[in-house]
Amino acid sequence: MEEKNMKFGTKAIHAGQHPDPSTGAIMTPIYQTSTYVQESPGKNKGYGYARGKNPTRVALEDCLAALEGGKHGICFSSGMGSMDAVVKLLKPGDEVITGDDLYGGSYRMFTKIYEPFGIKFHFVNMCDPENVSKAVNKNTKLIWAETPTNPTMQIIDIAAMSKIAKANNLLLAVDNTFASPYLQNPLSLGADIVMHSVTKYLGGHSDVVMGALIMNDDKLHEQLYFILNSCGANPGPMDSWLVLRGVKTLHLRMERHCYNGRKVAEFLKTHPKVDKIYWPGFTDHPNHEIAKKQMKDFGGMISFTTKNATLESTFKLASSFKVFSLAESLGGVESLINHPATMTHASIPKTEREKAGVVDSLLRLSVGVEDIDDLIADLKQALA
Ligand SMILES: *Cc1c(COP(=O)(O)O)cnc(C)c1O
């Protein structure tokens, strides 16, 4: 069967992967090598040096590209490494429009690393596309969108962003980490580049740090691959293999993440101590209709605040779970709880993050794939 005709769950298991030609091994081997023997100078089997290419990584890149419905995939040593490559497409004087609720590390890289190089970032509320249109000027080169956003689960209309990008000759890159390719495929909505922190749902088992970019355009692929090979944020073959293995169950895990996520969101909604809940599946979520249009389901990421909470009471709550673990990161099989203001978003100034709703009483859940009864029981005892 041709890969492009496969359904998602079949691609997750087979795309990019072929039995090993020397032994027939069904699993792609871990090609733990830094270099490849050449027949005569320059005459090789397509592999010269492993910073540029490694067969285990190539299998993963092809698999991730297939899952996003894209032509090319490039893996990086972390999500930040992959974002860094996108920003390196720009030059001093160029401007970027991005959201006011972003992964903390993205905000830190934009403001602390790239602003000093003369790249300007505009942080706007992207829920209303009008705010993005208004921020475009003659220096704008890139729209960087994250949706759902971290941690307040804003939903940004990818098709509307693409319209603005195309009308103004800009690149549109979408951080698709929270949705995973199972829930949302930005290239099909007009994005030029999809970015993943592979560390999260794609890896899925909290044992790898990795990033990826997926794109259709050959020239863009060439430029980004040139940056990978020149700057060297390439992942190793062992990590590539772990993700190849993790991705095989992406569709199964995501089904359960979504099921458990819905149950947890509904439970929180009925709890008398819970104040605000951020989850795009609620019909009163401001962009619920767009979420419904561009996502297959609503995922397992939920943030909430409790009534009359102080920093102290929030810390106490965050430390009182028995099944949810207090930790950074998300998207693994195990449920995690996070305090964005002091953990994932600590690098964003207090006034900036509070504007986006990242207040001291906000907690973020990455709902895992454990038995839902145990997760609800844990929430009950912690909130008691
Ligand atoms: C974790 C994360 C990143 C950064 O990825 P790393 O793999 O940790 O470098 C970027 N964006 C989002 C939305 C994330 O959750």
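Counting starts at 1 for both ligands and their atoms, following the listed order.
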Between OG on residue Ser197 and CG on residue Asp175, distance to nearest 0.5 Å: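 These two atoms lie 8.0 Å from each other.
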Nearest 0.5 Å, please: how far is CG in Asn54 from OG in Ser240?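 These two atoms lie 6.5 Å from each other.
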Which bit of Met210 is near ligand 1, meaning a heavy atom under 4.0 Å away: side chain, backbone, both or neither?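 It is the backbone that touches ligand 1; the side chain stays farther off.
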Do you see a donor-acceptor pair shorter than 3.5 Å between the side chains of Lys355 and Thr351?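 Distance-only check fails for Lys355 and Thr351.
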How are the rings of Tyr47 and Tyr36 set to each other: parallel, tilted or perpendicular (split at 30° and 60°)?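 Ring orientation, 0 to 90° scale: tilted.
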Determine the interplanar angle of the Phe324 and Phe321 rings, folded into 0 to 90°, and report it as parallel if under 30°, tilted if 30 to 60°, perpendicular if over 60°.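 The rings of Phe324 and Phe321 stand perpendicular, inter-plane angle above 60°.
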Check ligand 1 against [X] and write out every atom of the ligand that is under 4.0 Å from a heavy-atom position of the residue.
{"X": "Gly79", "result": "5 (O), 6 (P), 7 (O), 9 (O)"}
{"X": "Met80", "result": "4 (C), 5 (O), 6 (P), 9 (O)"}
{"X": "Leu330", "result": "15 (O)"}

Does Ser197, backbone or side chain, put an N or O under 3.5 Å from an N or O of ligand 1?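 Looking only at distances, the answer is yes, because the N/O contact criterion of under 3.5 Å is met.
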Thr199, any N or O under 3.5 Å of ligand 1 N or O: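 Looking only at distances, the answer is yes, because the N/O contact criterion of under 3.5 Å is met.
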For Tyr182, does the six-membered ring have the charged nitrogen or CZ of Lys296 within the cation-pi criterion, i.e. under 6.0 angstrom from the centroid and within 45° of the normal?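 Judged by the rule (NZ or CZ under 6.0 Å from the ring centre, within 45° of its axis), Lys296 counts as positioned above Tyr182.
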Is NZ or CZ of Lys200 both nearer than 6.0 Å to the six-membered ring centre of Tyr103 and within 45° of the ring axis?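 Yes, a cation-pi geometry.
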Looking only at protein heavy atoms, identify the closest one to [atom] and say how far it is in Å.
{"atom": "atom 14 (C) of ligand 1", "answer": "Lys200 NZ, 3.0 Å"}
{"atom": "atom 11 (N) of ligand 1", "answer": "Asp175 OD2, 2.7 Å"}
{"atom": "atom 10 (C) of ligand 1", "answer": "Tyr103 CD2, 3.4 Å"}

